[in-house]
Asks: 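Encoded as structure tokens, here's the structure I'll be asking about.
Here is the naming used below: chain letters follow the sequence lines, and residue numbers restart at 1 for every chain. These values consider heavy atoms only, across backbone and side chains, with no hydrogens, waters or symmetry-generated copies.
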Amino acid sequence: MQYAVVDEWSRGGSWLHRRDARAKLGVLVLFLLAVSVSPAQAGWRVGAFGVFPLTALLAARLPVAGVLWRAAAILAFTVPFAVGVWIAGEPDRALLLLLKSYVSALACLVTVGVTPWTRLVQAFRKLGMPPILTQVMELLYRYLFLLAGQAAGARTAALCRGFAGVPRFQQFRVAAGVVAVLFGRSLERAGRVERGMAARGFRGEFLYAGAVLWVWQDTVLVCFSMTGVIAAWWVLR
Amino acid sequence: MHIPDGFLSPPVWAALDVVSVPAVGFMARRAQRTAADRAPLLGVMGAFVFAAQMINFPVGLGTSGHLVGGALLACTLGPAAASMVMTAILVVQALVFQDGGVLALGANVLNMALIGVMAGYLPYRYWANTPLRRAGVFLGGFLSVLVGASLAMAQLAASGVSFTGPVLAVSAGLFVVTAVLEGLITLAVFEAVERLNPGWVNTPAGAGSRATGLLAAAAVLLAAVGVLVASGSPDGLENLAEQSGIASRAVTLFTTPLTDYEWKAAGGEWLSKAGAGLAGLAVIYVLCSMMGRLIGRPRNS
């Protein structure tokens, strides 16, 4: 499944992969902040911020073309808006919107590509996110692939049984029925997961094996990145 | 509807992040109270929404749509749990699927997971035990998308993203079509779920009467459309102040985004007045609800 690609990237062993997720999230937020507050006069030069995620991409030994292509998914939303702004008579602003959104999405993708999901959620928890939200995020990600596979299977089964040939109104009802069955199966699965977790002594909080501790290399990453990003913002200002 | 990073101006995304953080905290506490030890259920239902989005519903003209899910979750899990699931979905979408931004997460959470879910839940909340139940589910799905999309457009406009009249009209048309589609899909899935097992549907205890629901709908309609037929002349007191010359000596101590019953950032005259009306309605509803709870709370003697 295409979603699993990012998961595969995040299991690498580079220096960046081994850093604390909190450090990487901090750097990401700082980077996004710098891109966001860069002035409109900077114009196309905002694209220079792309050097940072590209450097990280190469350092983490992630597939460059794959990551750049995947980050382009953001353009599906931004291009129509940029065209609207262009038509409204602001071509410079349209270009700025495209560049800012693409560079931001690229930075986000690189961060997730070098950090396993469990580590990210762990970092969110340590940064004060409500436990119920982090648990939901963790379980959502875990069962996402499984249920998406089931949905794809249900769709194939419906097509095999002549779904495409029935009248449109009937198709609508069949699709609703497929979603309802998926809903029921999800509820049953949730019940089994709940009982399984209770049987294993779940007390409302996940326990992680081999927690990552903040080490001096994380401080180096934060300081180095902060200096670079602030310097870039200063030059472009 | 997912706003990416780079589209909202720093004051707008920062303000919306500041509003969203405590709001999510509040909903998390409510969800913890009402759905304690049910994290597996919420997590799996979040995955269900992702999976359900893969199933296309034919809508004619060679196109198809899919479920967004906020209203369906609110009608089955309750609003607090649905807000948590939608927030988790938005975080995963922003980080893993590049659908929506990280700095814009506050805006997206507010539009879709908080206000969108509440807008999707309220008609069902009031009409669940009345003959208008089906209409409530449809209206919930419709409003959850329309309110979220309208808020996103307003936030983009407040950030200085300019839209020409035709672009705005096309966007509004698309939003209405998408909202109707979401209403129909939500209703179809809701009925199918109820047929499979009525126990899977959350029927609010002591749900409001049909009259309360109609009153709420009338208030929203009046705030949004009433400005089109409202008189532009000053009221009696303003008229008197103008004629006696007092009005010219009036001093404005401070201004708010809704000064003169107009939300300037919204753009056109109708949009700015309707936006201000709806915002005022929401503020008054929240304040009255809080006061009602405060007054109605049992006291320890």
Asks: How far apart are the C-alpha atoms of Met84(B) and Ile132(A), what are their side-chain angles, what is the distance that settles it, and do they pass the side chain to side chain contact (heavy atoms under 4.5 Å, CB included) test?
Replies: CA-CA 8 Å; Met84(B) 278 305 94; Ile132(A) 189 162; 4.1 Å; yes

Asks: Can you see which heavy atom on Pro40(B) is nearest to which on Met197(A), and at what distance?
Replies: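 Heavy-atom minimum between the residues: CG-SD, 3.7 Å.
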
Asks: Is it the side chain or the backbone of Ser9(B) that comes within 4.5 Å of chain A heavy atoms, both, or neither?
Replies: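 Looking at Ser9(B), nothing touches chain A.
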
Asks: Identify which part of Leu187(B) has an atom lying under 4.5 Å from any heavy atom of chain A, answering side chain, backbone, both or neither.
Replies: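 Neither part.
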
Asks: Please rank Gly113(A), Ala107(A), Ala105(A), Pro130(A) by heavy-atom pairs under 4.5 Å with chain B and give me the top one.
Replies: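 Of the options given, most contacts go to Ala105(A).
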
Asks: Is it the side chain or the backbone of Met137(A) that comes within 4.5 Å of chain B heavy atoms, both, or neither?
Replies: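 For Met137(A), the contact with chain B is made by backbone and side chain together.
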
Asks: Just give me the residue among Gly6(B), Pro10(B), Ala88(B), Gly100(B) that pairs up with chain A most often, heavy atom to heavy atom, under 4.5 Å.
Replies: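 Heavy-atom pair counts peak at Ala88(B).
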
Asks: Which bit of Ser159(B) is near chain A, if near means a heavy-atom gap under 4.5 Å: side chain, backbone, both or neither?
Replies: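 Answer is backbone: N, CA, C or O of Ser159(B) sit under 4.5 Å from chain A.
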
Asks: Counting heavy-atom pairs under 4.5 Å with chain B, which one of Ser36(A), Cys108(A), Ser104(A) comes out on top?
Replies: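 Highest number of heavy-atom pairs under 4.5 Å: Ser36(A).
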
Asks: Given a strict heavy-atom distance threshold of 4.5 Å, which part of Leu95(B) is in contact with chain A: side chain, backbone, both, or neither?
Replies: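 Both parts, backbone and side chain.
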
Asks: Using side-chain heavy atoms (C-beta onward) and a distance below 4.5 Å, is Leu196(B) in contact with Phe183(A)?
Replies: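 No - every pair of side-chain heavy atoms lies 4.5 Å or more apart.
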
Asks: Which one, Thr76(B), Val21(B), Val85(B), leads in non-hydrogen pairs under 4.5 Å with chain A?
Replies: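 Option with the greatest count: Thr76(B).
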
Asks: Does any heavy atom of chain A fall under 4.5 Å from the side chain of Arg195(B), the backbone, both, or neither of them?
Replies: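 For Arg195(B), side-chain heavy atoms alone lie under 4.5 Å from chain A.
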
Asks: Got a second to check how far Asn197(B)'s CG is from Leu187(A)'s CG, nearest 0.5 Å?
Replies: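 One gets 8.5 Å once the value is rounded to the nearest 0.5 Å.
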
Asks: May I ask you to check whether over 12 heavy atoms, not counting those of Arg142(A), lie within 6.0 Å of atom CZ?
Replies: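 Result for CZ/Arg142(A): open.
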
Asks: Got a second to check how far Leu32(A)'s CG is from Asp5(B)'s CG, nearest 0.5 Å?
Replies: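 Here the rounded value is 5.0 Å.
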
Asks: Counting heavy-atom pairs under 4.5 Å to chain A, which of Gly101(B), Ala51(B), Ala14(B), Ala188(B) comes out on top?
Replies: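 If we count pairs closer than 4.5 Å to chain A, Ala51(B) comes out on top.
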
Asks: Name the region of Phe77(A), side chain, backbone, both or neither, that has any atom closer than 4.5 Å to a heavy atom of chain B.
Replies: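 When you check distances to chain B, only side chain atoms of Phe77(A) fall under 4.5 Å.
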
Asks: Using the rule given for side chain to side chain contact (heavy atoms under 4.5 Å, CB included), can you reason through Leu97(A) versus Phe7(B), listing the C-alpha separation, both sets of side-chain angles and the distance that settles it, and then say yes or no?
Replies: CA-CA 6 Å; Leu97(A) 287 177; Phe7(B) 271 59; 4.0 Å; yes

Asks: Please rank Ala73(A), Ala94(A), Ala190(A) by heavy-atom pairs under 4.5 Å with chain B and give me the top one.
Replies: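 Ranked by contacts with chain B, first place is Ala190(A).
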
Asks: Heavy-atom pairs under 4.5 Å with chain B - which of Leu109(A), Thr111(A), Val193(A) has more of them than the others?
Replies: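 Counting heavy-atom pairs under 4.5 Å, the top option is Leu109(A).
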
Asks: Do you know which of Val85(A), Val174(A), Val136(A), Leu33(A) has the most heavy-atom pairs under 4.5 Å to chain B?
Replies: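 Answer, by heavy-atom pair count under 4.5 Å with chain B: Val136(A).
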
Asks: Would you give the length of the straight line joining atom CG of Leu144(A) to atom CZ of Phe50(B), rounded to the nearest 0.5 angstrom?
Replies: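 Between Leu144(A) CG and Phe50(B) CZ, I get 5.5 Å after rounding to 0.5 Å.
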
Asks: Got a second to check how far Gln98(B)'s CD is from Thr78(A)'s OG1, nearest 0.5 Å?
Replies: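 Nearest 0.5 Å value for the CD-OG1 distance: 12.0 Å.
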
Asks: Return the option, out of Val112(A), Val178(A), Leu28(A), with the maximum number of heavy-atom pairs under 4.5 Å with chain B.
Replies: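 Most heavy-atom pairs within the cutoff with chain B belong to Val112(A).
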
Asks: What's the verdict on side chain to side chain contact (heavy atoms under 4.5 Å, CB included) for Phe97(B) and Val6(A), showing C-alpha distance, side-chain angles and the deciding distance?
Replies: CA-CA 9 Å; Phe97(B) 302 108; Val6(A) 181; over 6 Å; no

Asks: Check whether Met45(B) gets within reach of chain A through its side chain, its backbone, both or neither, counting any heavy atom under 4.5 Å.
Replies: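 For Met45(B), side-chain heavy atoms alone lie under 4.5 Å from chain A.
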
Asks: Taking it one step at a time, do Leu139(A) and Val44(B) satisfy side chain to side chain contact (heavy atoms under 4.5 Å, CB included)?
Replies: CA-CA 6 Å; Leu139(A) 287 156; Val44(B) 176; 5.5 Å; no

Asks: Between Val181(A) and chain B, with a heavy-atom cut-off of 4.5 Å, which part of the residue counts as in contact: side chain, backbone, both or neither?
Replies: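 For Val181(A), the contact with chain B is made by backbone and side chain together.
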
Asks: Check each atom of Tyr102(A) against the heavy atoms of chain B and say whether the ones under 4.5 Å are side chain, backbone, both or neither.
Replies: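 Contact with chain B involves no heavy atom of Tyr102(A) at all.
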
